[in-house]
Amino acid sequence: MILEDLPNELFIEIFRCLSTFDLLRSVYNLNFRFNQLLFAHFRTSTIDFRSIALRDFRLVCREYLPLIVNQITSLRFSNDDNTPQQMEVFLEHGLALHQLPNLQSLSLYAINLQEAMLPTISQLRSLNRLILADCYLSCDQNISQNFIDAIWSLPTLTYSYLNISFKENRVILPTVRSVSLKFLSIWSITYDQMQFNTICRHTPCLERCSILFNMDSPDPVDPFQHEFPSMTRFSLHLSHIEENHLERILQTMLNLRQLIVDIDSLDSHSSSPIFNGYQWEMIFRDYLPHLQVFRLRMKFYFQNGHDLDRQVADLLRSFRGRFWLEERQWLVQCQWDEEGQACLYTLPYRFADFQTSSSMQCLSTCPNNELFSSFHYVDDLLMEYHVTQPEIVSSIRFNNVKDLSIHPSIPNQFLSRISQLEKVTSLTVCITDSADANIDLQTLLNRMPNLSSFGFNPWSLHPRRLSLLRLTHPRISLLDLRYAWQHLDTDECTMLLQSPLGKQCEVLLVRVRKRDIIPDLINNMTNLRALNLQSKDDPFEETNDDEFVSWLQQQLPSTCVINRDLVYTTDIHIWIG
């Protein structure tokens with residue numbers, strides 16, 4: 001069969017399996033038909049440059065992007081550890097986002113939003129979806145205000161996810177009304193009731209909202225001045241909750257269909273009681289007659305560390321009434337340890353992350369107190385194992401974990417709760433000086449064929465750490481060694497260069513003792529395309545010139561893009577060209 005005899009639908013499916021760069025490099029301009037298929041693909045798919053090499057991205061910006069500007073409807077840029085300064089390289093080629101007349105979706109990750117971008121945002125008149133994740137707005141207050149107002153002024157924008165840190169930790173609120181925004185998620189900044197009221201007042205069409213909320217104050221709150229009949233889904237993420245605060249907010253959302261509440265009070269020293277089932281029932285009956293979906297996760301410490309079994313039973317009893325078990329058929333489960341740390345959540349568990357321990361006990365409101373054991377929605381899992389505490393037998397299973405953090409003393413029996421290790425793509429090992437490894441890391445890596453990222457947590461100062469460099473895996477491309485050593489010396493860097501994982505490493509996060517080793521890492525790690533580093537002899541001070549970056553620019557090829565992180569100023573990002 002001749003390749004061109006295949007139907008168009010099959011080519012479209014093939015295109016979805018290939019990266020943007022591979023498609024442009026291999027398919028563009030082969031013939032008229034392939035160009036039309038490629039254009040059709042780009043009109044319905046995101047132009048995504050994750051994990052692209054700097055030289056390849058420069059080629060795309062120079063040769064391909066100017067030719068397909070009319071076909072691009074969805075675009076993603078990222079300045080993360082894989083592709084630092086990607087947005088800046090895009091702009092260096094004389095390209096601009098407002099040159100894309102049909103752009104409908106824009107996603108920017110870990111990008112410094114500078115003053116020059118303000119006119120660009122204002123001109124994206126066809127944009128209906130905007131994601132600004134882990135971004136930093138380093139402008140003064142007036143420019144930051146104009147930037148936020150520009151977003152609220154976009155005439156067709158319906159969805160916006162904003163995770164932006166502002167200079168000097170400012171809180172910037174919109175001062176103009178959006179006529180189109182229906183779905184809004186705001187992270188990074190915690191808002192109080194008055195600030196949230198301001199946001200809602202300037203977003204009158206809001207239907208779905210997810211926000212970090214501050215309800216720590218026990219003081220009386222003023223009633224909201226407006227009702228929000230259009231609000232159908234509301235997601236609250238907070239560290240503490242006061243009943244009167246919650247009532248004042250929810251009584252303005254009479255048509256709410258879905259409510260998600262995520263409370264993390266593990267770092268809070270509040271003496272207020274735990275929000276129980278009786279309180280929730282009263283709120284639902286009084287203010288939310290149309291509520292259909294309720295999801296709750298509440299992390300807390302029992303105030304009294306004695307008789308925990310009784311306290312758990314009392315808490316679950318408040319969720320066993322007719323309202324919970326018969327009218328709504330909403331079930332909850334509580335897990336706790338002997339120190340009083342607990343987590344109460346609705347079933348089935350629908351949050352993406354989960355933390356479990358070998359000493360955790362569980363109890364639920366399921367019939368006959370059965371344990372709900374299938375956690376299908378968890379893809380980010382932290383498993384802790386306490387050698388000094390007895391292991392509690394549990395039937396909980398995880399079958400969709402992608403990001404896994406474990407302690408090497410975990411026995412295989414505890415690790416067997418993850419039923420499909422082949423889905424794991426990122427592994428973090430938590431090693432301590434006192435760790436006795438009960439698992440064979442090499443055997444564990446062999447059971448994770450799709451693993452691409454491997455790292456160690458801040459306690460990884462184990463004297464046997466050098467043995468980790470003898471591990472092998474064909475697909476690991478990112479190594480996070482920032483915490484495996486305090487700082488690598490010359491000999492340890494040489495061992496890294498010669499190790500199997502070091503030879504294949506594409507993205508490296510590391511701390512070094514002396515700057516002189518950095519050129520050797522870049523020149524001898526032949527697959528390396530991005531480096532995030534900290535050096536012990538970096539004398540950076542914000543009031544002085546950046547001597548260290550200047551030195552790197554002199555020592556490294558001019559094709560490398562080098563910059564210092566604006567938020568974590570000890571971090572240097574190098575995109576290797």
Side-chain angles (χ1 to χ4, degrees), residues 17 50-51 81-82 349 351-360 362 371-387 391-432 434-460 462 464-484 495-496 498-509 527:
C17 301
R50 282 177 296 184
S51 303
D81 292 321
N82 287 276
Y349 186 87
F351 296 88
D353 62 294
F354 191 78
Q355 179 176 344
T356 187
S357 166
S358 59
S359 60
M360 281 285 186
C362 282
L371 187 64
F372 190 86
S373 59
S374 298
F375 285 63
H376 300 295
Y377 298 93
V378 174
D379 60 23
D380 185 351
L381 176 64
L382 170 61
M383 303 187 77
E384 295 181 333
Y385 188 80
H386 302 288
V387 179
E391 180 179 348
I392 304 298
V393 177
S394 173
S395 60
I396 293 179
R397 293 293 180 269
F398 309 91
N399 54 14
N400 285 304
V401 175
K402 296 180 177 61
D403 298 315
L404 175 62
S405 299
I406 62 169
H407 196 284
S409 61
I410 290 178
N412 286 321
Q413 180 179 358
F414 186 51
L415 192 62
S416 66
R417 297 181 185 181
I418 306 174
S419 58
Q420 299 188 53
L421 284 171
E422 63 271 16
K423 292 186 178 181
V424 176
T425 59
S426 175
L427 175 64
T428 300
V429 181
C430 311
I431 302 177
T432 65
S434 60
D436 292 322
N438 288 332
I439 58 174
D440 182 343
L441 275 179
Q442 183 60 64
T443 300
L444 181 62
L445 295 185
N446 294 341
R447 296 174 61 192
M448 300 177 178
N450 293 306
L451 192 65
S452 61
S453 174
F454 187 34
F456 312 92
N457 81 341
W459 299 279
S460 299
H462 195 279
R464 296 194 297 271
R465 60 185 181 268
L466 294 177
S467 64
L468 299 172
L469 293 179
R470 292 194 290 269
L471 298 171
T472 62
H473 191 285
R475 298 195 64 175
I476 291 178
S477 60
L478 186 150
L479 281 178
D480 188 351
L481 303 180
R482 287 174 296 180
Y483 308 111
M495 295 183 64
L496 172 63
Q498 298 171 350
S499 69
L501 294 181
K503 291 179 180 178
Q504 71 189 51
C505 179
E506 297 179 17
V507 180
L508 176 64
L509 293 80
N527 290 304

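Note that the numbering runs from 1 along the sequence shown for the chain.
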Check whether any side-chain heavy atom of [X] sits under 4.5 Å from a side-chain heavy atom of [Y], and report yes or no.
X: I406; Y: L444; result: yes
X: L509; Y: D81; result: yes
X: E384; Y: H407; result: no
X: R50; Y: N82; result: no
X: K423; Y: N450; result: no

*Where the side chain of S374 meets the backbone of H376, is there a donor-acceptor pair that is under 3.5 Å apart?*
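Pair absent, no side-chain N/O of S374 close to backbone of H376.
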_Go through it in stages, so that I can follow the logic: the residues are F375 and V401, the test is side-chain contact (heavy atoms from CB on, under 4.5 Å), and I'd like the CA-CA distance, side-chain angles, deciding distance and then a yes or no._
CA-CA 10 Å; F375 285 63; V401 175; over 6 Å; no
Of all the heavy-atom pairs spanning [X] and [Y], show the shortest one and how long it is.
X: M448; Y: H473; value: O-NE2, 2.7 Å
X: Q498; Y: K503; value: O-CE, 3.3 Å
X: Q504; Y: R475; value: NE2-N, 4.1 Å
X: Q442; Y: D440; value: N-OD1, 3.0 Å
X: T472; Y: L445; value: O-CD1, 4.0 Å

*What residues, two or more places apart in sequence or in another chain, satisfy side-chain contact (heavy atoms from CB on, under 4.5 Å) together with K402?*
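side-chain contact (heavy atoms from CB on, under 4.5 Å) list for K402, sorted by chain: D379, T425.
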*With R447, which residues qualify under side-chain contact (heavy atoms from CB on, under 4.5 Å), at least two apart?*
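For R447, the residues satisfying side-chain contact (heavy atoms from CB on, under 4.5 Å) (neighbours in sequence not counted) are L421.
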*Please work out whether the ring planes of Y349 and F354 are parallel, tilted or perpendicular, with thresholds of 30° and 60°.*
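Plane angle over 60°, so perpendicular.
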Gap between atom [atom2] of [Y] and atom [atom1] of [X] - 0.5 Å precision:
X: R470; Y: M495; atom1: CZ; atom2: CE; value: 7.0 Å
X: L451; Y: L478; atom1: CG; atom2: CG; value: 10.0 Å
X: S452; Y: L427; atom1: OG; atom2: CG; value: 10.5 Å
X: L382; Y: S405; atom1: CG; atom2: OG; value: 5.5 Å
X: C505; Y: D480; atom1: SG; atom2: CG; value: 10.0 Å
X: L508; Y: L501; atom1: CG; atom2: CG; value: 11.0 Å

*Might you work through the side-chain contact (heavy atoms from CB on, under 4.5 Å) test for L471 and F454, ending with a clear yes or no?*
CA-CA 11 Å; L471 298 171; F454 187 34; 3.7 Å; yes
